[in-house]
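Everything on this sheet refers to the single structure shown next.
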Amino acid sequence: MPRHRLRDAVWALLHAKLVAIPGIWKRDVERLRQFIEAVVQVLRTGVAWEDLPERFGKPNSLYRRFRRWSQQGIWDALFESGIPEDELETVMVDATITKAQRFASGARGRGEEDLGRSRGGLTTKIHVLVDRRGRPLCYLLTPGQAADCRHAQALLEGVAFAWLIGDRAYDTDAIRAWCAAHGIEVVIPSKRNRKVPIPHDRVRYRTRHRIENLFCRVKDYTRIVLRKDKTSRSYAGFVSLAFALINVQLCP
């Protein structure tokens, strides 16, 4: 099978989710697959739309359709349709920083677009909540300099679980108080400057590597690891598609 083609089993799972999403044209299954494979090619390789092989169709048409799906939340719906509903007793939270190209700035409207400026250049941070197997449940984007702990509660609300695992960045009184109020056990090492260290379950904490494994998986997609999109909405479209593909791989 050509490298640009999705495996038939992966496409079958994606197609089953796509047909349940309203508001998109999907009568011609082969052309729908061709479009999805074009977007996956951009996601994997980071190639510009104009440099896609001719077999995928007109680059401008492909981009406009991708952009339209991003604005309508269709990529998000594809990701959300594959979110695992089992094994949510334990969840893990963390964030990773991705670099952005210089030309990713300057979107119309002069909005922030989740781009942060630092000595190293433009960055975006992806905050993620995963289950105990490392499957993404939800995420949000912020500028790269945003503190991890300040956005944890936005990810945690609306998800039912019993144990929360995080690194020292999430050792704050606010997070611990929120978890205590919701009957959630916290597995977070104390910061070194905490006057009275709080013990944690070291055995459970060893499983935290699975969220790091997720970041390794998602950064195999070049379009994620090096942001080229001016708008946060378009970048989120690629992130949602990457997480949808990862969940297809990790879900039995």
Side-chain angles (χ1 to χ4, degrees), residues 3-7 10 14 36-53 56 59 62-63 66-67 69-70 75-76 78-80 82-83 92-107 111-130 133-148 151 155 166-167 169 208-250:
R3 187 173 182 273
H4 72 274
R5 295 281 288 181
L6 292 170
R7 290 187 294 112
V10 172
L14 288 178
I36 297 297
E37 288 177 340
V39 179
V40 171
Q41 181 81 346
V42 173
L43 173 65
R44 284 175 175 166
T45 65
V47 66
W49 294 95
E50 294 80 3
D51 295 330
L52 280 172
F56 288 121
L62 294 169
Y63 168 72
F66 166 80
R67 174 67 176 163
W69 280 29
S70 296
W75 301 115
D76 299 336
L78 179 62
F79 162 52
E80 292 165 3
I83 292 175
M92 308 171 200
V93 63
D94 206 350
T96 186
I97 292 178
T98 60
K99 290 279 291 181
Q101 294 273 22
R102 289 182 296 109
F103 53 76
S105 62
E112 187 179 68
E113 299 297 345
D114 295 315
L115 282 170
R117 294 183 181 273
S118 64
R119 187 176 299 176
L122 297 172
T123 55
T124 294
K125 183 172 284 189
I126 308 174
H127 305 257
V128 188
L129 188 71
V130 307
R133 293 179 58 187
R135 299 176 294 186
L137 303 171
C138 58
Y139 75 92
L140 60 86
L141 304 178
T142 66
Q145 74 274 13
D148 296 0
H151 300 277
L155 290 172
D167 61 17
R208 200 191 71 83
H209 70 88
R210 288 169 186 161
I211 194 168
E212 301 293 351
N213 294 348
L214 170 68
F215 292 146
C216 289
R217 285 177 179 271
V218 78
K219 288 187 176 182
D220 285 339
Y221 296 104
T222 306
R223 194 79 182 208
I224 304 299
V225 72
L226 188 58
R227 174 176 170 174
K228 297 182 178 181
D229 304 280
K230 290 182 180 293
T231 67
S232 180
R233 187 64 264 170
S234 288
Y235 187 61
F238 281 120
V239 175
S240 288
L241 177 57
F243 282 160
L245 292 170
I246 288 171
N247 274 341
V248 164
Q249 296 167 0
L250 295 181

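Residue indices begin at 1 and follow the sequence shown.
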Worksheet item: Is there a side-chain contact (heavy atoms from CB on, under 4.5 Å) between V239 and V218 once you walk through the steps?
Response: CA-CA 8 Å; V239 175; V218 78; 5.5 Å; no
Discussion item. I want to check something: taking the side chain as every heavy atom from C-beta on, are I224 and L43 in contact at a cut-off of under 4.5 Å?
Written reply: yes
Worksheet item: Between NZ of K219 and CD1 of I126, what distance do you get to the nearest 0.5 Å?
Response: 7.5 Å
Fill in: Worked check of side-chain contact (heavy atoms from CB on, under 4.5 Å) between T123 and K99
CA-CA 5 Å; T123 55; K99 290 279 291 181; 4.2 Å; yes
Discussion item. Give me the atom names and distance for the closest heavy-atom approach of L155 to C138.
Written reply: O-SG, 3.6 Å
Worksheet item: What about W75 and F66, are their ring centers closer than 6.0 Å?
Response: yes
Response to the item:
Between the CZ atom in R208 and the CG atom in D167, the distance rounded to the nearest 0.5 Å is 4.5 Å
Discussion item. Please enumerate all residues that pass salt bridge (Lys or Arg N to Asp or Glu O under 4.0 Å) together with R233, with sequence neighbours excluded.
Written reply: D76
Worksheet item: Atom CZ of F238 and atom CZ of R44: how far apart are they, to the nearest 0.5 Å?
Response: 13.0 Å
Worksheet, complete the sentence: On a heavy-atom basis, the closest approach of D148 and A95 is OD1-CB, 3.7 Å
Practice prompt. Run the ring-centre check on F243 versus Y139 and record whether the distance is less than 6.0 Å.
Written response: yes
Worksheet entry | With sequence neighbours excluded, residues passing side chain to side chain donor-acceptor pair (under 3.5 Å) with T231 | R67, S234
Worksheet item: Passes side-chain contact (heavy atoms from CB on, under 4.5 Å), K125 versus H151? Steps please.
Response: CA-CA 11 Å; K125 183 172 284 189; H151 300 277; over 6 Å; no
Worksheet entry | Non-hydrogen atoms of G144 and I97 that approach each other most closely | O-CD1, 3.7 Å
Practice prompt. For K230, enumerate each residue passing the salt bridge (Lys or Arg N to Asp or Glu O under 4.0 Å) test, keeping only those at least two apart in sequence or located in another chain.
Written response: none
Worksheet item: Below 4.5 Å, heavy atoms only, C-beta onward: do V39 and L62 meet side chain to side chain?
Response: no
Worksheet entry | Side-chain heavy-atom pair D94, F215 within 4.5 angstrom cut-off | yes
Item to complete: Could you check L241 against Y221 for side-chain contact (heavy atoms from CB on, under 4.5 Å), going step by step and ending with a plain yes or no?
Response: CA-CA 10 Å; L241 177 57; Y221 296 104; over 6 Å; no
Discussion item. Using 0.5 Å steps for rounding, measure from the CG atom of L245 to the CG atom of L78.
Written reply: 7.5 Å
Discussion item. Measuring only between side-chain heavy atoms, which start at C-beta, is N247 closer than 4.5 Å to P136?
Written reply: yes
Worksheet item: Does a side-chain heavy-atom distance below 4.5 Å link L122 with R117?
Response: yes
Discussion item. Contact between E113 and D229 at the side-chain level, heavy atoms closer than 4.5 Å - yes or no?
Written reply: no
Worksheet item: How far apart are the closest heavy atoms of R223 and W49, and which atoms are they?
Response: NH2-NE1, 4.0 Å
Worksheet item: Can you name the side-chain contact (heavy atoms from CB on, under 4.5 Å) partners of I83, sequence neighbours left out?
Response: F79, E80, L137
Worksheet item: What residues form a salt bridge (Lys or Arg N to Asp or Glu O under 4.0 Å) with D114, not counting sequence neighbours?
Response: none
Worksheet item: Distance from T124 atom OG1 to E112 atom CD, nearest 0.5 Å?
Response: 9.5 Å
Practice prompt. Mind checking side chain to side chain donor-acceptor pair (under 3.5 Å) for H127 and listing every partner two or more places apart, or none if nothing turns up?
Written response: T142
Worksheet item: About how many Å separate CG of L6 and CG of L14, when rounded to the nearest 0.5 Å?
Response: 6.5 Å
Worksheet item: Do V42 and V47 touch side chain to side chain, with heavy atoms closer than 4.5 Å?
Response: yes
Worksheet item: In chain order, what residues pass the side chain to side chain donor-acceptor pair (under 3.5 Å) check against K228, with sequence neighbours excluded?
Response: none
Practice prompt. With sequence neighbours left out, write down each residue that passes side chain to side chain donor-acceptor pair (under 3.5 Å) with Y63, or none if nothing qualifies.
Written response: none
Item to complete: Please list, chain by chain and in numerical order, all residues satisfying salt bridge (Lys or Arg N to Asp or Glu O under 4.0 Å) with R227, sequence neighbours excluded.
Response: none
Fill in: Nearest atoms (heavy-atom pairs only) where Q145 meets G116
OE1-CA, 3.1 Å
Fill in: Residue list, ring pair (Phe, Tyr, Trp, His ring centres under 6.0 Å) with Y235, at least two apart or on another chain
none
Worksheet entry | Minimum-distance pair of heavy atoms, taken over all atoms of G237 and S70 | CA-OG, 4.0 Å
Item to complete: Quick one: list whatever passes side-chain contact (heavy atoms from CB on, under 4.5 Å) with N213, sequence neighbours left out.
Response: H209, R210
